[in-house]
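This report refers to the structure that appears directly beneath it.
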Amino acid sequence: MSRPIRLPRGLTTSRQGLLLALLAGLAVLGNVATVPLFFSIQILLGPIASTLTLLWLRGWWSVAIAIMASLYTWKLWGHPWAILIFSAEALWLAVFVNRLNGPPENDFNGRIIFADIAYWLLVGTPLVLFLYGGVLDIDPTNVTVTAAKQAVNGMTNTVVAFLLFVLVQVWHNSRGRGLLPLRGIVFSLVLASITLPSLALTLLSGNLLQTATQEGVLENLRTVGEAAVWTDPRAFGPRSRGLPASVGAAAFLLKDRDGNVISSNPALFLRLATDFRPAPQEHIKVNGLQILVPRGERPALRLWIRGYWSTTIDFRGQPVQVVKPARPVVLKLQAQSAAMLTTLIGMTLLGALLSELVATLIEKQLRPLDQPLADATEPPALSGRPGAANVSGYGSLIAEIHSTAHRLQEHRREEARLRQNLAAMSGRLEQSIEQQRLHCSTDSLTGASNRSELDSSLQRVAERACACSVPLSSLAFAVQGLRQINMLHGRQKGDEVLRQLIADVKQLLHPNDELFRIGGNEFLLLLWDQPLESARTTAEQIRRVVSEAELPPCHDSSPRLEINAGLSLQSGSDPTGKTMLSRVELALSQSRGLGTHQVVVR
């Protein structure tokens, strides 16, 4: 194996200075010309140049270049901690190559990739989790995707730098300047065949995922805008219905033909006009869609989860602007991105291990080829043709190589089968988990959410109502008379009556209202954007549905269904809604003491 290309020691002032300046410029340019993955998540290419400097020249220049190039990340992301992380990676690799990897000939063994993997497992990822999650106080989803992305970025840059280093050496040796570094070539070919397609597939998948997600958001906003144009403005009353209870709800602002401005949430649009700005379009993959982010917010990772999707359409001659909180979609997209990046990390580790295995096996099999070359000056054997033993040895070696290749193909086929089985098992497991979640959170008889789901949903809805300044009422009601039906016609018939009754009640509800079964014949409603007067009307509608329900005939007496109900309104001092829940349950209890068809407000 030949020695790596090194500059003569005497040329440390001219050629080496020019080479260092060129590599430093490429490192800075690589960090400026980023490859965008997701929101404020970019692949930096600058470390390729610094790692190539380390492999080509050794020494400690690579650390200085890495520090200089990483300074740009302060401007890019709004914090200095990426400088520390990338500089520590460069120092880690420099210590490994200069102190632990032996003579320069060993730079082709690919162990620098394992050193970089060790850095991200032992130092880099913990640093990201601490600095981004603890110091910058970024949300866990963004911290996870950032940790995965930076690990992928660092490993990929080291892989690319190593492949370029080997490629330059191959080109150098092809000009008759020495033997090819066989181990480095084998290691590089196997590594490139696994990691580079995986990286390309991840980048393509991330781009397609962003595009599909943003197309879905735009279609949703357009649907809301068209519905707003057809809505009668009188339906909003003195108080608009505002944003619905779900976190991903939309709001609109339209100007009709008479010049009147109609908005489902005027306060929100005022805040957007004064405190928000459009984000750069480089993050938007779909025409007609914008994302509004807070002005001056840093670091960059906080922008997107506090932003709003926005689009403006002209429908029937009326311009309509529709906005929607970006947080749910961005967090979901980041979680999916983290999963893809974690898979890429696994593929990189797998590629490095397989490359090491294949390179070691082939090097071991081809090692006897050096022996005939070393013994070429010895007299040929007296028995048989000259060189017959060598020919036999080459034939055996070729057979071993074919056998090794066959085993590798078998391993790959087995790996493909295992991946398919794992994917199938993962799909079944996800389906089972979703079914179990629905089973645990839904009443099987009526389809209403159960008491445990109320405990988890109440705080979310109450906090959203406070944030949007929207009234939230709770209505608890109990159906009386089911016991008589159970005694006369059996429990199954009583269940059928209750199931149909709750189905009729659901027809009365707004899409953003939520229904829970909190007892055998007791139910609770969270009525979004309904003050007590409106909630009392809903209670009267439910009473009418219950009293008019179709019941099975009875010879001796005619069974009747009646209700008792309690009402309560969330107060400004009750952001979690627990006080409101206690009051409405007490109101229902007091209603029972007053007789049937009674509504108590507390």
Side-chain angles (χ1 to χ4, degrees), residues 31 34 36-44 46-47 50 63 66-95 115-158 206 247 279 283 291 293-307 325-346 348-349 456 459-460 463 467 575-576:
N31 281 356
T34 59
L37 282 181
F38 317 107
F39 297 106
S40 290
I41 303 294
Q42 298 101 349
I43 292 290
L44 303 182
S50 62
V63 180
I67 295 174
M68 179 179 64
S70 62
L71 291 175
Y72 180 76
T73 62
W74 198 335
K75 176 183 177 182
L76 182 65
W77 294 327
H79 62 82
W81 303 119
I83 302 174
L84 173 62
I85 295 170
F86 291 134
S87 301
E89 179 189 19
L91 180 60
W92 177 285
L93 295 180
V95 170
D116 195 63
I117 292 174
Y119 167 80
W120 285 107
L121 290 177
L122 301 176
V123 180
T125 301
L127 268 179
V128 173
L129 296 178
F130 170 73
L131 294 175
Y132 282 70
V135 178
L136 296 178
D137 195 25
I138 304 297
D139 61 280
T141 302
N142 264 317
V143 172
T144 302
V145 73
T146 301
K149 172 258 150 185
Q150 292 204 6
V152 166
N153 200 164
M155 296 178 192
T156 302
N157 286 335
T158 303
V247 178
H283 302 288
I291 185 168
V293 296
R295 299 179 186 272
E297 181 75 27
R298 303 297 280 180
L301 285 173
R302 291 178 179 168
L303 289 174
W304 312 106
I305 61 174
R306 299 181 182 180
R327 180 185 181 92
V329 174
V330 171
L331 290 182
K332 183 177 180 181
L333 185 62
Q334 301 290 45
Q336 294 171 336
S337 304
M340 287 194 299
L341 292 173
T342 303
T343 302
L344 181 57
I345 292 174
T348 303
L349 181 58
S456 61
Q459 182 172 353
R460 170 179 57 83
E463 289 177 350
T576 64

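Keep in mind it's a predicted model, so treat the numbers as computed, not measured. Keep in mind that the numbers below use all heavy atoms, side chains included, and drop hydrogens, waters and symmetry copies.
Partners of Tyr119 by ring-ring contact (aromatic ring centres under 6.0 Å, His included), not counting sequence neighbours, listed by chain and number: Trp92. Applying the side-chain hydrogen bond (donor to acceptor under 3.5 Å, both in side chains) test to Thr158 and every residue at least two apart in sequence or in another chain returns Asp116. Leu129 pairs by the side chain to side chain contact (heavy atoms under 4.5 Å, CB included) definition with Thr125, Val143, Ala147, not counting sequence neighbours. Shown here are the side chain to side chain contact (heavy atoms under 4.5 Å, CB included) partners of Thr576, two or more places apart in sequence or in another chain: Gln459, Asp574, Lys578. Legend: residues meeting side chain to side chain contact (heavy atoms under 4.5 Å, CB included) with Ser87, ordered by chain and number and at least two apart, are Ile67, Ser70, Ile83. Listed by chain and residue number, Thr73, Trp77, His79, Phe86, Tyr132 satisfy the side chain to side chain contact (heavy atoms under 4.5 Å, CB included) test with Ala82 (two or more places apart in sequence, or in another chain).
Atom OG of residue Ser50 and atom CG of residue Leu93 lie 8.0 Å apart, to the nearest 0.5 angstrom. Taking CD1 of Ile138 as the reference point, atom CG of Leu131 lies at 11.0 Å (rounded to 0.5 Å). In this structure, CG on Leu127 lies 11.0 Å from CG on Leu122, to the nearest 0.5 angstrom. In this structure, CG on Leu344 lies 11.5 Å from CG on Leu349, to the nearest 0.5 angstrom. Summarising the geometry, atom CD1 belonging to Ile85 is positioned 4.5 Å from atom CD belonging to Gln150; distances are rounded to the nearest 0.5 Å. Atom CG of Leu341 sits about 9.5 Å away from atom NZ of Lys149, to the nearest 0.5 Å.
Listed here is the closest heavy atom pair of Ile345 and Ala148: CD1-O, 3.8 Å. Nearest heavy atom pair, residue Asn157 against residue Leu44, reads ND2-O, 2.8 Å. Between Pro126 and Val123 the shortest heavy-atom distance is CD-O, 3.3 Å. Heavy atoms only, all atoms of each residue included: Val63 and Ala94 are closest at CG2-CB, 3.8 Å.
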Checklist line | Pair Ile117-Met155, side chain to side chain contact (heavy atoms under 4.5 Å, CB included): steps then yes or no | finding: CA-CA 6 Å; Ile117 292 174; Met155 296 178 192; 4.1 Å; yes
Notebook entry, point to check: Could you walk me through whether Glu89 and Trp120 pass the side chain to side chain donor-acceptor pair (under 3.5 Å) check?
Noted result: CA-CA 8 Å; Glu89 179 189 19; Trp120 285 107; 3.2 Å; yes
